[in-house]
Amino acid sequence: MTALIITIVLIVIAIAALVFANIRVVPQSKAFVIERLGTYFATWETGLHVKVPFVDRIAKSVSLKEQVVDFKPQPVITKDNVTMQIDTVVFFQITDPKLYTYGVESPISAIENLTATTLRNIIGELELDATLTSRDTINAKIRVILDEATDPWGIKVNRVELKNIIPPREIQDAMEKQMKAERERRESILRAEGEKQAKILVAEGHKESKILEAEAEKQSAILNAEAVREAKIREAEGEAQAIATVQQATADAIKMLNDANASDAVVKLKALEAFAKAADGKSTKIIIPSEIQSLAGLAEGIVETAKTDK
């Protein structure tokens, strides 16, 4: 009885171990290809799965992440018979685990060979200069061809990049010399432009200085002219004021004589005094009125008149 119990326990343990051994958890971004009795049965996605012992087996574990493959440099010949080395980088993703498992024996090797063949065909239609300056175009062409060719393998090619384009040594030397000459030419142009700009700035500064100097001279001349004009105006106003004052004084004297009913002799005497004052001025030319041209006689008459009065 004890042996039977032990046997049953052992059988239960063996069955449990067998069940646990056939439980599989598919992680994220993975897929398992299951075969049943050697034939494709199913593709397990992410989650918990149980396979039938001794009947089902996991044929392949496939990563669904985007993968990167860097292929070694391949010798290619351009249209103008220049041999160069080009290495490529291919970014691809498995979209169908079943086709990837059964579509081709060695998918990575197949992609590498297909890439090399496509690259030779495309580069063979281009000359050296076009090859060096048309990377984007070459990348796009290779990607389209690879993506179409790998569809039956359950692979999608997302991107292809030409990592390095290595021409022959002599061509590299020639290219370096050309690049050096181009840099020297640009440096000379920049230097000439700098010197030209400096001369322009100096000329502009000189021109501005001349303009400011001319403006200063013009302003000084205007101020001088204004000062002279103001002086002349003030001088004329002074002379006019002096003349007006003299005329007013003469008018007042005449009025006083008229008010005093002075005799003709007194009037002539006053006129003589006024003429004497005018002669004492700075005038270089004096016009003697006709009334006082007989100055001596007038004076004598006035003296006699004075004596008679006394």
K.L.:
Between D56 and R36, is there a side-chain heavy-atom distance shorter than 4.5 Å?
P.N.:
yes
K.L.:
Look only at the side chain of D80 and the backbone of L128, and say whether a donor-acceptor pair between them is shorter than 3.5 Å.
P.N.:
yes
K.L.:
Please report the closest heavy-atom contact between T78 and M84, naming both atoms and the distance.
P.N.:
CG2-CE, 3.8 Å
K.L.:
To check you understand the geometry: which heavy-atom pair defines the closest contact between T46 and K30, and what is its length?
P.N.:
OG1-O, 4.2 Å
K.L.:
Around atom CD of E182, are there more than 12 heavy atoms from other residues, nucleotides or ligands closer than 6.0 Å?
P.N.:
yes
K.L.:
Counting heavy atoms not belonging to R169, are there more than 12 under 6.0 Å from its CZ?
P.N.:
yes
K.L.:
For R120 and P75, indicate whether the former's side chain and the latter's backbone hold a donor-acceptor pair under 3.5 Å.
P.N.:
yes
K.L.:
Mark yes or no for whether E161, through its side chain, and N139, through its backbone, hold a donor-acceptor pair below 3.5 Å.
P.N.:
no
K.L.:
Tell me if a side-chain donor or acceptor on D147 pairs with a main-chain N or O of R143 at a distance below 3.5 Å.
P.N.:
no
K.L.:
Please find the pair of heavy atoms, one from D87 and one from K72, that lie closest to each other, and give the distance.
P.N.:
CB-C, 3.9 Å
K.L.:
Parallel, tilted or perpendicular, judged at 30° and 60°: which one describes the rings of W44 and H49?
P.N.:
parallel
K.L.:
Does S209 use its side chain to pair, donor to acceptor, with the backbone of G205 at less than 3.5 Å?
P.N.:
no
K.L.:
So, do I138 and L126 sit near enough that their side-chain heavy atoms are less than 4.5 Å apart?
P.N.:
yes
K.L.:
State, yes or no, whether a side-chain contact exists between I111 and I155 at a heavy-atom distance under 4.5 Å.
P.N.:
yes
K.L.:
Kindly work out whether a path of hydrophobic side-chain contacts (I/L/V/M/F/W/Y, heavy atoms less than 4.5 Å apart) joins V82 to I122.
P.N.:
yes
K.L.:
Is R229 paired with E226 through a side-chain N to carboxylate O contact shorter than 4.0 Å?
P.N.:
yes
K.L.:
Is T118 reaching over with its side chain to a backbone N or O of I142, donor-acceptor style, under 3.5 angstrom?
P.N.:
no
K.L.:
Would you confirm whether N22, through its side chain, and V50, through its main-chain N or O, come within 3.5 Å as a donor-acceptor pair?
P.N.:
no
K.L.:
Is there a donor-acceptor contact under 3.5 Å from the side chain of R135 to the main chain of L162?
P.N.:
yes
K.L.:
Which pairs count as side-chain hydrogen bond (donor to acceptor under 3.5 Å, both in side chains) when at least one residue sits in residues 188-203, sequence neighbours excluded?
P.N.:
E187-R191
K.L.:
Should we count CD1 of I77 as having more than 12 external heavy atoms under 6.0 Å?
P.N.:
no
K.L.:
Using the side chain to side chain contact (heavy atoms under 4.5 Å, CB included) criterion, which residues pair with K218? Sequence neighbours excluded.
P.N.:
E215, I222
